[in-house]
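Labels below follow one simple rule: chain letters A, B, ... track the order of the sequence lines, proteins then strands, and each chain is numbered from 1.
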Amino acid sequence: MDTLMHAPKTAAKNANAPLLEVSNLSTEFATYAGTLSAVDGVSLSLQPGEVFGIVGESGSGKSVTALSIMGLIKKPGRVTGGTVRFKDEANLLDKTPAEMRKIRGGQISMIFQEPMTSLNPVFRIGWQIAEVLQIHREMTRTEAWERAIHLLDRVGIASPAKRAREFPHQLSGGMRQRVMIAMAMACAPSLLFADEPTTALDVTVQAQILDLMVQLKEEDGAAVMLITHDMGVIAEMAQKVAVMYAGVVMEEATVEELFDSPLHPYTQGLLDSIPRKKSRGQSLKAIPGIVPNLLHLPTGCRFRDRCAAAHSACALADPPLQTMPNSTRKVRCWLHHPEPPK
Amino acid sequence: MKIWNSGAGALLATAAFFGAAAPALADETIVIGLQAEPVTFDPTQISDLNTSRVVHRIYEGLVGLKYGTYDLEPRLAESWEISEDGLVYTFKLREGVKFHDGTDFNAEAVKYSFERQTDENHPAHGSLTYRGAPSYLGPVDTIEAVDDLTLKITLKQPSGPFLARLAGMTVKIVSPAALKAHGDDVGQFPAGTGPYMLEEWEPGIRATLTVNPDYYGTAPEIEKLIYVPILEPVARLSALTTGEIDLTIDVPFDSLTELEENPDIELQQGASAHVWFVALNTQLSDPPFDNVLVRQAMNYAVDKEGIVNDILQGTATVSSGPLSAGYGDLQNKDVRKYDYDPEKAKEFLAEAGYPDGFGGCEFMVPESGSGMQAPIEMGTYIQANLSAVGIDCQIKTMEWGAYLTAYRESPMMAQMSWNPPIGDPDIVLNNLLNSSNFPPGWNAGSYKNERVDELVSTAQRLSDPDERRELYLEAQALIAEDAPWIFVDHGNQIIAHTTKLKNFLVSPNFDLVVEGASYED
Amino acid sequence: MRNYLLKRLAQTIPVLFGISILVFSMLHLAPGDPADLLLGPDATPEAVEDLREDMGLNRPLIVQYGAWAGRIVQGDFGRSVVLNRAVLPEVMKRFKNTLILTAGALAFAVVFGIGIGILAAKFHQTVFDSAAMLVALAGISMPTFFTGIAAILIFAMGFQVLPSSGMYPARGGDFFDLMRHLLMPAVTLGAVSAAILARITRSAMLEVIQQDFIRTARAKGVSEDKVVWIHALRNASITIVTVLGMQIGYLLGGSVITEAVFSWPGLGQMMVRAIQARDYPTVQGGVLIIAMSFVFINLAVDLIYAWLDPRIRYS
Ligand SMILES: Nc1ncnc2c1ncn2[C@@H]1O[C@H](COP(=O)(O)OP(=O)(O)OP(=O)(O)O)[C@@H](O)[C@H]1O
Ligand code: SF4
Ligand SMILES: [Mg+2]
């Protein structure tokens with residue numbers, strides 16, 4: 001149903017063609033207690049150069065969504081359905097591992113939350129950056145090394161030639177994240193996943209890193225899918241936002257729409273915790289109750305047991321993601337549905 | 001290695017690698033698997049059988065053993081005369097004999113070789129780590145090279161075993177030139193007069209002997225002897241059946257039948273001078289080992305036949321005294337024998353005043369040891385036999401090195417065995433049973449019978465073989481009667497070799513005699 | 001680094017000193033007397049006394065130790081009573097043979113143990129994984145003596161494809177012969193280590209593969225083989241090398257039994273014989289050499305460790 005509500009896909013090379021279009025993406029994990037749907041029919045669409053934010057509490061499926069798109073879901077996980085269209089490529093989900101490797105790190109790259117553990121502790125950082133270049137740009141070892149030094153310089157690391165020879169533990173957290181960014185941007189990707197890139201950093205460093213990301217993205221014209229808990233970061237950087245909860249998108253809107261008039265009770269709950277727009281560094285504050293166990297979702301609306309606006313319809317059926325009239329924004333809540341169940 | 005360069009080469013190499021083990025060529029070489037590596041080629045410094053088995057080929061004494069027996073025969077001495085009083089031995093030496101280093105063998109060489117051991121101021125004396133000479137050359141007063149080929153040895157007092165001892169390892173003649181040239185390391189550069197000489201020695205790997213082209217006697221047919229150490233009995237057996245070696249000693253007991261059925265392998269069992277016994281402390285009244293009836297009862301109680309057949313798989317003979325059949329007519333075969341008879345044992349115990357037997361006896365058993373055969377199994381067997389007639393013994397096992405020390409500290413009851421190095425009864429009867437050798441000597445049970453002492457001591461001073469024999473026969477009868485030991489067995493030497501090898505001999509002194517051997521065509 | 005090395009080497013001196021005292025006293029306080037063992041019932045008491053005197057066994061222990069240690073410091077390891085030769089060159093010759101055996105065993109353990117461990121991790125929860133771990137468990141529980149005898153019975157006596165024992169055949173002795181003779185003892189000796197390494201490697205790899213930086217590598221487009229053999233293995237090797245260091249010690253020690261079963265003329269075999277004969281100079285010299293080699297192995301492992309893990313720096 002969701003796909004029907006999007007504009008039908010037109011010919012490639014259309015100026016308005018999305019860079020990435022995800023439809024009905026579903027990913028399951030087989031656990032000892034049973035199979036859980038970490039991502040349950042997610043659809044998203046990114047335009048070239050756009051910053052698309054994904055927010056949601058911990059465990060809502062943000063990372064799994066990104067990893068599924070990148071083809072990085074490992075056992076016991078499995079992508080069970082959906083399509084991922086990127087540029088003119090065929091469905092990424094149907095690609096062989098070898099084909100995906102050509103795309104990963106080259107055209108689509110990713111920055112992770114923990115710069116501490118995301119870099120390999122036993123290799124020099126220059127080597128780790130050069131490796132991407134050797135894979136995707138077929139550079140020689142020395143060319144790649146030179147280029148890595150240049151990239152370190154570009155991400156604002158002083159004496160890059162010396163730093164390139166250092167190991168991750170010799171760098172501060174901020175510097176490590178700069179290295180991760182240098183690595184991710186090494187091949188000028190057109191899409192960058194940034195999975196909570198600043199969460200682990202000091203507040204002062206967070207700003208620098210975000211500014212760096214914005215700068216590089218502008219220079220290279222990359223689109224960014226920014227995953228975060230931080231509404232402030234979203235407000236500052238993103239053009240569009242999807243709010244995820246328990247494996248599904250609850251609301252999708254432009255940043256202005258979302259902050260000015262959040263429609264979904266969950267979004268409202270999230271924003272209540274932030275005093276004013278554009279205040280960075282505020283984490284999502286606890287909404288009463290806990291994130292539901294994905295193995296035991298409530299019937300009907302999965303947010304029902306925590307929702308202040310829950311009413312009789314909410315128990316009857318799971319609301320669909322509904323496009324609002326005269327708008328591109330979408331909400332998954334019976335309050336905003338023309339025909340809630342009775 | 002070039003062979004690895006091509007795929008075909010590698011394949012070839014692999015094939016060679018796993019190809020059938022190369023059989024020892026049936027040329028004039030015998031490959032002999034010893035139980036341990038030879039450790040030195042200096043005859044004065046040898047204390048183990050495996051080393052002797054090699055060095056016997058290289059060195060000779062004035063007197064030799066007729067191959068395969070304990071009978072004395074002339075070797076480097078062509079003949080000898082013993083003075084009436086038994087004090088002066090005049091040896092006529094063989095002419096034209098050369099050491100392996102090319103120097104001449106003569107009376108001076110014998111004098112040099114002997115005095116190296118007896119004279120502390122001798123230039124080569126320092127090359128001795130230990131001195132076996134007192135046992136061998138102890139009776140010697142002076143040694144005189146009368147002329148090139150005449151040697152006169154004067155003794156301090158007459159010595160019965162002296163001549164037999166001259167066939168021993170310690171008194172084999174070493175080239176003075178080699179001693180001068182190599183000093184302390186003469187053991188690595190042997191130069192004797194024997195039918196074989198050392199060609200190559202890689203300690204731990206092999207010792208290769210080659211026939212001495214200038215040998216004065218009959219040249220052996222076998223040109224080369226290669227001795228390799230194979231410690232593990234199963235590996236020795238494997239090496240023999242696959243043809244890696246031609247001859248070996250001491251294959252595992254439980255594979256004897258299998259070997260007997262193998263047409264390619266011939267098993268030879270040779271009598272040896274070995275003796276295996278349990279010494280009883282004859283001075284103790286508790287347990288009452290001082291009571292001859294008790295000791296006799298213990299001899300009746302132990303099923304020696306059973307031990308020989310069940311544990312030793314028939315590779316030994318039942319013992320009835322200290323001397324084995326290897327001593328030929330020096331062994332008294334008509335002594336009192338203690339056939340297995342538990343009823344009789346009980347009667348004897350009752351007569352001795354122990355109708356219900358007794359306990360409190362500690363039975364010392366080594367874990368292993370040279371010549372000890374299967375010490376723990378045999379000890380347990382004996383313990384069970386004794387227990388069946390009411391004698392309760394506790395077994396106490398010990399590591400061999402510690403055991404040897406404890407054995408000489410008057411044990412209550414202890415196993416022992418010996419492979420005596422020469423064929424004179426003196427070495428057994430005197431060293432193990434004369435009361436002059438009470439602990440810390442080797443008469444561990446402190447056995448004392450004045451008549452036996454007298455007989456053995458007298459025989460020591462006589463040189464007439466027949467006279468001596470009479471004394472030894474009487475001594476053996478008395479010892480059997482007194483039962484100072486539980487007499488158990490005399491082990492045979494078990495040799496297995498390829499059937500193609502003919503006329504190979506085992507000697508009672510544990511030597512492997514290849515001098516007369518040959519391969520059939 | 002140089003200071004660290006010097007410091008470590010300096011530290012070995014008291015260690016060796018302690019070991020020498022320990023070995024010396026253990027040997028000399030143990031019952032048994034080399035004179036008895038060497039000479040047997042045919043020696044006159046005079047000869048036994050002579051030998052004891054020559055060997056200095058009648059002096060107080062402390063004096064004996066002092067004399068021995070004094071000579072050792074000057075590089076004089078004394079003469080073996082049993083072999084009738086200078087101890088040091090003989091010990092070194094045998095030690096070289098032991099090193100050949102140990103190296104063979106180590107090569108087997110590294111190639112098979114680590115190789116199978118990596119593959120088991122890569123094919124985690126497959127039939128290969130379970131089968132490999134079952135074999136490894138069997139390998140760990142099998143006593144070396146038993147494996148050795150079984151190997152002789154099967155490959156030497158049964159199939160007749162490998163020599164039963166020794167380091168070289170009766171004739172000849174080139175490199176190729178050595179390799180043929182090395183195969184069975186090396187595999188026998190290395191089997192347990194291979195099994196232990198397989199298990200350790202597998203678990204270390206499985207742990208590393210869970211780490212974030214592996215996900216980073218995959219996100220970079222690194223091929224799965226490179227992820228396993230470069231990114232993961234290099235990290236897992238830190239654990240593996242620690243265990244490997246311990247295994248080298250185990251192999252050197254375990255070579256005693258293997259050397260006896262296969263008549264490999266190594267130091268272990270020599271030491272057993274020397275201990276049995278109470279050949280004090282040989283045992284003491286041998287133990288010192290072994291102790292020194294342990295010290296060097298540990299040092300080498302530490303250095304390799306530092307090289308593998310840049311987070312560790314010695315100073
Ligand atoms: N390897 C895995 N095995 C089992 N379940 C998993 C696994 N990885 C993720 N999940 C499940 O998927 C759900 C979504 O996880 P995901 O990591 O996408 O959350 P998130 O929104 O990124 O949260 P956070 O903000 O904490 O990063 C979680 O509830 C988790 O239970
Ligand atoms: S559907 Fe009902 S429960 Fe769900 S979010 Fe809307 S109001 Fe709340
Ligand atoms: Mg996440």
For the [atom1] atom of [X] and the [atom2] atom of [Y], what is their distance to the nearest 0.5 Å?
X         : Y         : atom1 : atom2 : answer
Ser263(C) : Leu231(B) : OG    : CG    : 4.5 Å
Glu202(B) : Met167(C) : CD    : CE    : 9.0 Å
Ile205(B) : Leu178(C) : CD1   : CG    : 8.5 Å

For the candidates Gly187(B), Ala36(B), Pro203(B), which exhibits the highest count of non-hydrogen atom pairs separated by less than 4.5 Å from chain C?
Pro203(B)
Return the option, out of Arg165(B), Lys224(B), Glu200(B), with the maximum number of heavy-atom pairs under 4.5 Å with chain C.
Arg165(B)
Contact origin within [X] toward chain C - heavy atom pairs under 4.5 Å:
X         : answer
Asp48(B)  : side chain
Arg236(B) : neither
Pro134(B) : both
Tyr227(B) : neither
Ile46(B)  : neither
Leu404(B) : both
Asn430(B) : neither
Ile427(B) : side chain
Pro38(B)  : neither

Assess whether side-chain contact (heavy atoms from CB on, under 4.5 Å) is satisfied between Tyr168(C) and Arg206(B), documenting all intermediate values.
CA-CA 9 Å; Tyr168(C) 290 103; Arg206(B) 71 172 82 86; 3.6 Å; yes
Check the pair Val31(B) / Arg171(C) against side-chain contact (heavy atoms from CB on, under 4.5 Å), numbers first and verdict last.
CA-CA 9 Å; Val31(B) 180; Arg171(C) 278 162 264 231; 3.5 Å; yes
Part of [X] lying under 4.5 Å from any heavy atom of chain B:
X         : value
Leu51(C)  : side chain
Asp50(C)  : side chain
Ala170(C) : both

Is the shortest side-chain heavy-atom distance between Asp42(C) and Asn431(B) below 4.5 Å?
yes
Under a plain distance cut-off of 3.5 Å, with no hydrogens placed, do Glu232(B) and Ser165(C) share a side-chain donor-acceptor pair?
no
Arg85(C) with Asp42(B): basic N within carboxylate O range, under 4.0 Å
no
On a heavy-atom basis, which atom in Glu37(B) and which in Arg273(C) lie closest, and how many Å separate them?
O-NH1, 3.4 Å
